[in-house]
Enquirer: 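Let me give you the structure first, and then I'll get to my questions.
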Amino acid sequence: MEQKLIIYNTLSRKKELFEPLNPGYVGMYVCGPTVYGNAHLGHARPAITFDLLFRYLVHLGFKVRYVRNITDVGHLVADADEGEDKIAKKAELEKLEPMEVVQKYTNNYQWNMQMLNILPPSIEPRASGHIIEQIETVKKILNSGYAYESKGSVYFDVEKFARENEYGALSGRKVDDLLSNTRELEGQEEKRSPLDFAIWKKAQPGHIMRWPSPWSDGFPGWHLECTAMSTKYLGETFDIHGGGIDLIFPHHEAEIAQSKAANGKPSVRYWMHNNMITLNGQKMGKSLGNAISLNEFFTGSHPLLEKAYSPMTIRFFMLQAHYRSTLDFTNEALQAAEKGLARLMKAVGTLETLKISEKSTVDIAGLKEKCYAAMNDDLNSPIAIAHLFDGVRIINSINDGAEKINEAGCQELKSFFKSFIFDILGFKQEERKDEGGQEILSNIVDLLLNLRIEAKANKDWGTADKIRDELTKLGFEVKDTKDGFEWKLKK
RNA sequence: GGUCUCUUGGCCGAGUGGCUAGGCAACGGUCUGCAAAACCGUGUACGGCGGUUCGAAUCCGCCAGAGACCUCCA
């Protein structure tokens, strides 16, 4: 663990040396998806960002517990007063059990993540499986005096909390500013202040997702699950909390307040946030209606896509940008990424066949150092990848005889190059899909046999026989017919 | 309206006071009967106008444009 990892902490707005609470161990929590639709390109960004962090921490020798939740309850649809949550609404539309909807999209998400070669987290807890913990958290917050019950719902008292604690540090917001900006929404008379948010919500009569609690039959508030589950699995204070930059306010700010109110101390030491994917300069988001699902990327079935893009192309595309920058999606950029990745992977193959020389003319140790330096500087994967392409040039130059490498250098190059590409950046060799392979094969055999007909017409019996004999050797049965040929593949 | 961020060569994207990533495309070369592929090589760009400085894409100010958050959102 001689590498010094620096990460950007959203809370301090500075790059800080990462030092875990318990030496050698890291606890990290990342906000996962709300499973009410297929995962889109935007979901891939935090998943890949924090997969990179997870992989790198493990590579450095840390023992990491990585928790990424599945939100399957509690998020309210646009109007807070309706009390109808996203999952239930979708269930109504699709005439499915809420848990059926949740399962379907959870499966889809996990499958997409697997395609992207994202390692499964250590624990993937579901909000619906932690209702008891969330009720306990509500009780703790009530006991600390920072929440109040109102008509069966329980609200977090933001103004009281802010008077006695720091509130808004993560997002840089002040309570006064927030108050002056608040829109008046209907049906908020249960709350003392518009800034207050529900930590327990009484279910309306028609609401299907509901659980008993001391206050009402209802469901937990939409920020509470992360507090309850991170505390349960990582402790009251833990190292890293990640998520999309759009979650900073109000979600993460609410989490900070809830944890402090419930446990009396700050919960998270390093806050990390990935930036957004844009499409034609606009944020890609489900609610904006411009989200392209990962399934659509993998199959090319979206009007905006010129072709299908493989999971590894998408992974490479994202890692070629820093996680804290916005990344603009275009077909051109994705196709550039596809070609670049192919060149990188090809060099990995070439690496296996390099000729060893007595002396070495290349500096492998320096290259390796630069790659680590890039990763240590707030996971600068684009720089690391740039250096790996220097490695590609070195490998190709050795292969061409322009440079030389000795046995030790070659071993070092192989081990570090592969560990960066496969273990840390998480790329994998993709097999070409064999879809249409049969059709292509068939076309090729037809092509050969048509050539044979030409040869026969020219009385070039040598060529004609050669084609038939070679095909036979390969396992084909070729028969001449009156007006052409027939063939089939034996076995 | 409030808060914040961004503007880099044909495209995507790093960097951030002097050493001027990388990928794709383009161009040149090697190879090849020709072509393709592959490989090697080549690119002084940082929105505009001022200022600070020996020196600025990098710091400061103004202007223009774009975006994010303020509401569910990755």
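The figures that follow rest on heavy atoms only: side chains count, while hydrogens, waters and symmetry mates do not. Please read all numbers here as calculations on a predicted model, not as lab measurements.
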Enquirer: Side-chain donor-acceptor contacts of residues 344-353 of chain A below 3.5 Å, not counting sequence neighbours, with atom names and distances?
Expert:
unit_1   : atom_1 : unit_2   : atom_2 : d
A/Thr350 : OG1    : A/Lys346 : O      : 3.1
A/Glu352 : OE2    : A/Lys418 : NZ     : 2.8
A/Thr353 : OG1    : A/Thr350 : O      : 2.9

Enquirer: Holding to ring-ring contact (aromatic ring centres under 6.0 Å, His included), I want the full list of residues that pass it with A/Tyr323, two or more places apart in sequence or in another chain.
Expert: none
Enquirer: Using atom P of each nucleotide, how far apart are B/G51 and B/A21 to the nearest Å?
Expert: 29 Å
Enquirer: Calculate the interatomic distance between A/Met276 atom CE and B/A74 atom P; express it in whole Å.
Expert: 9 Å
Enquirer: Just how far, in rounded Å, is P of B/G67 from CG of A/Asn290?
Expert: 12 Å
Enquirer: For A/Asp246 and B/A68, what is the distance between atoms CG and P respectively, to the nearest whole Å?
Expert: 11 Å
Enquirer: Any N/O pairs under 3.5 Å between the protein and nucleotides 64-66 of chain B? List them or say none.
Expert:
none

Enquirer: Would you check if the distance from the ring center of A/Phe427 to the ring center of A/Phe422 is below 6.0 Å?
Expert: no
Enquirer: For A/Arg269, which residues count as a salt bridge (Lys or Arg N to Asp or Glu O under 4.0 Å) partner, sequence neighbours excluded?
Expert: A/Asp239
Enquirer: Excluding sequence neighbours, so at least two apart, what forms ring-ring contact (aromatic ring centres under 6.0 Å, His included) with A/Phe420?
Expert: A/Tyr372, A/Phe416
Enquirer: So which nucleotide from B/C70, B/C40, B/A68 ends up closest to the side chain of A/Lys283?
Expert: B/A68
Enquirer: Between A/Glu306 (CD) and B/C11 (C1'), how many Å, whole number?
Expert: 13 Å
Enquirer: In whole Å, what is the span from the OH atom of A/Tyr109 to the P atom of B/A74?
Expert: 9 Å
Enquirer: Could you check which of B/C40, B/A74, B/C70 has an atom nearest any side-chain atom of A/Leu178?
Expert: B/C70
Enquirer: With rounding to the closest Å, how many angstrom separate the C1' atoms on B/G13 and B/A57?
Expert: 15 Å
Enquirer: Between B/U71 atom C1' and A/Leu247 atom CG, what is the distance in whole Å?
Expert: 13 Å
Enquirer: Are A/Arg68 and A/Glu124 close enough for a salt bridge, meaning some N to O gap below 4.0 Å?
Expert: yes
Enquirer: Using the P atom as the point on both nucleotides, what is the distance between B/U58 and B/G9, in whole Å?
Expert: 15 Å
Enquirer: B/C4 and B/U52: how far apart are their C1' atoms, nearest whole angstrom?
Expert: 26 Å
Enquirer: Can you check the distance between B/U5 and B/G18, where both ends of the measurement are the C1' atom (answer in whole Å)?
Expert: 28 Å
Enquirer: For B/C59 and B/C11, measure between their C1' atoms and round to the nearest Å.
Expert: 30 Å
Enquirer: What's the CD-P distance between A/Glu403 and B/C39, to the nearest Å?
Expert: 16 Å
Enquirer: In this structure, how many angstroms lie between the P atom of B/G29 and the CG atom of A/Asp400, rounded?
Expert: 18 Å
Enquirer: When rounded to the nearest Å, what value does the distance between P atoms of B/A37 and B/G28 take?
Expert: 14 Å
Enquirer: For A/Asp390, check side-chain contact (heavy atoms from CB on, under 4.5 Å) against everything at least two apart and list the hits.
Expert: A/Leu367, A/His387, A/Arg393
Enquirer: Sequence neighbours excluded, which residues qualify as side-chain hydrogen bond (donor to acceptor under 3.5 Å, both in side chains) partners of A/Tyr309?
Expert: A/Asn331, A/Gln335
Enquirer: Is A/Arg55 salt-bridged to A/Asp423, going by a charged N under 4.0 Å from an acidic O?
Expert: no
Enquirer: Charged N to carboxylate O under 4.0 angstrom, A/Lys260 versus A/Glu255?
Expert: no
Enquirer: Mind checking A/Lys174 for me? I need base, sugar-phosphate or nothing, with any heavy atom below 4.0 Å counting as a touch.
Expert: nothing
Enquirer: For A/Asn275, enumerate each residue passing the side-chain contact (heavy atoms from CB on, under 4.5 Å) test, keeping only those at least two apart in sequence or located in another chain.
Expert: A/Arg45, A/Ile245, A/Thr326
Enquirer: Sequence neighbours excluded, which residues qualify as side-chain contact (heavy atoms from CB on, under 4.5 Å) partners of A/Ser171?
Expert: A/Arg173, A/Ile248, A/Phe249, A/Glu253
Enquirer: Considering only the P atoms, how many Å lie between B/G41 and B/G47, rounded to the nearest integer?
Expert: 30 Å
Enquirer: Using a 3.5 Å limit for the pairing distances, which stems of at least 3 consecutive Watson-Crick or G-U wobble pairs does RNA chain B take part in?
Expert: B:1-7 with B:64-70, B:10-12 with B:22-24, B:26-30 with B:38-42, B:47-51 with B:59-63
Enquirer: Once each nucleotide of nucleotides 12-25 of chain B is scored for protein heavy atoms under 4.0 Å, what B/S/- sequence comes out, 5' to 3'?
Expert: SSSS-----BSSSS
Enquirer: Out of B/C70, B/A74, B/C39, which has the shortest distance to the side chain of A/Met284?
Expert: B/A74
Enquirer: In chain order, what residues pass the side-chain contact (heavy atoms from CB on, under 4.5 Å) check against A/Pro33, with sequence neighbours excluded?
Expert: A/Val35, A/His43, A/Ile70, A/Tyr109
